[in-house]
Colleague: 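Below is the structure I would like to discuss, written out as structure tokens.
Numbers here are sequence positions counted from 1. Worth saying up front: this structure is predicted, and the values here are computed from it rather than measured. Side chains included, hydrogens not; waters and symmetry mates left out as well; all remaining heavy atoms used.
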Amino acid sequence: MRRWIPMTALALGLALVVPVWAQTAVELKKELLPKIKKAQADGKDLGQAGKEYEEGDKALKDGLQEEAVDHFKKAKAAMPADMK
């Protein structure tokens, strides 16, 4: 019985901490949005980064969180070096 209490507490503690490390789709969008807007205002072509951002935005609006995260991460990786 005494062994179960610390193990349960450890499991619950880890369950609460793990999601903190991962960025959500909304956080990624908030990080990318100013960069995207600035590039658009400057007339820069974002290429693949722009396409991935739009796909991520569409997935987020459709409620597909994991797919949105994937697209936003791809958009972040595909950003031109001077925009990162």
Colleague: Residues in side-chain hydrogen bond (donor to acceptor under 3.5 Å, both in side chains) with Lys58, at least two apart?
Modeller: Asp62
Colleague: Only pairs at least two apart or in different chains count here, so list each ring pair (Phe, Tyr, Trp, His ring centres under 6.0 Å) that has a residue in residues 23-45.
Modeller: none
Colleague: Quick check for you: to the nearest 0.5 Å, what is the distance between Lys35 atom NZ and Met79 atom CE?
Modeller: 6.0 Å
Colleague: Scan the side chains in residues 47-57 for donor-acceptor partners under 3.5 Å anywhere in the protein, sequence neighbours excluded, and list what turns up.
Modeller:
| residue | atom | partner | partner atom | Å |
| --- | --- | --- | --- | --- |
| Gln48 | NE2 | Glu52 | OE2 | 3.0 |
| Glu52 | OE1 | His71 | ND1 | 2.7 |
| Asp57 | OD1 | Lys29 | NZ | 2.6 |
| Asp57 | OD2 | Lys61 | NZ | 3.4 |

Colleague: I would like to know whether Val69 and Gln23 meet side-chain contact (heavy atoms from CB on, under 4.5 Å); could you show each step before the answer?
Modeller: CA-CA 8 Å; Val69 168; Gln23 279 188 300; over 6 Å; no
Colleague: If you group Ile, Leu, Val, Met, Phe, Trp and Tyr by side-chain heavy-atom gaps below 4.5 Å, do Val26 and Leu64 land in one group?
Modeller: no
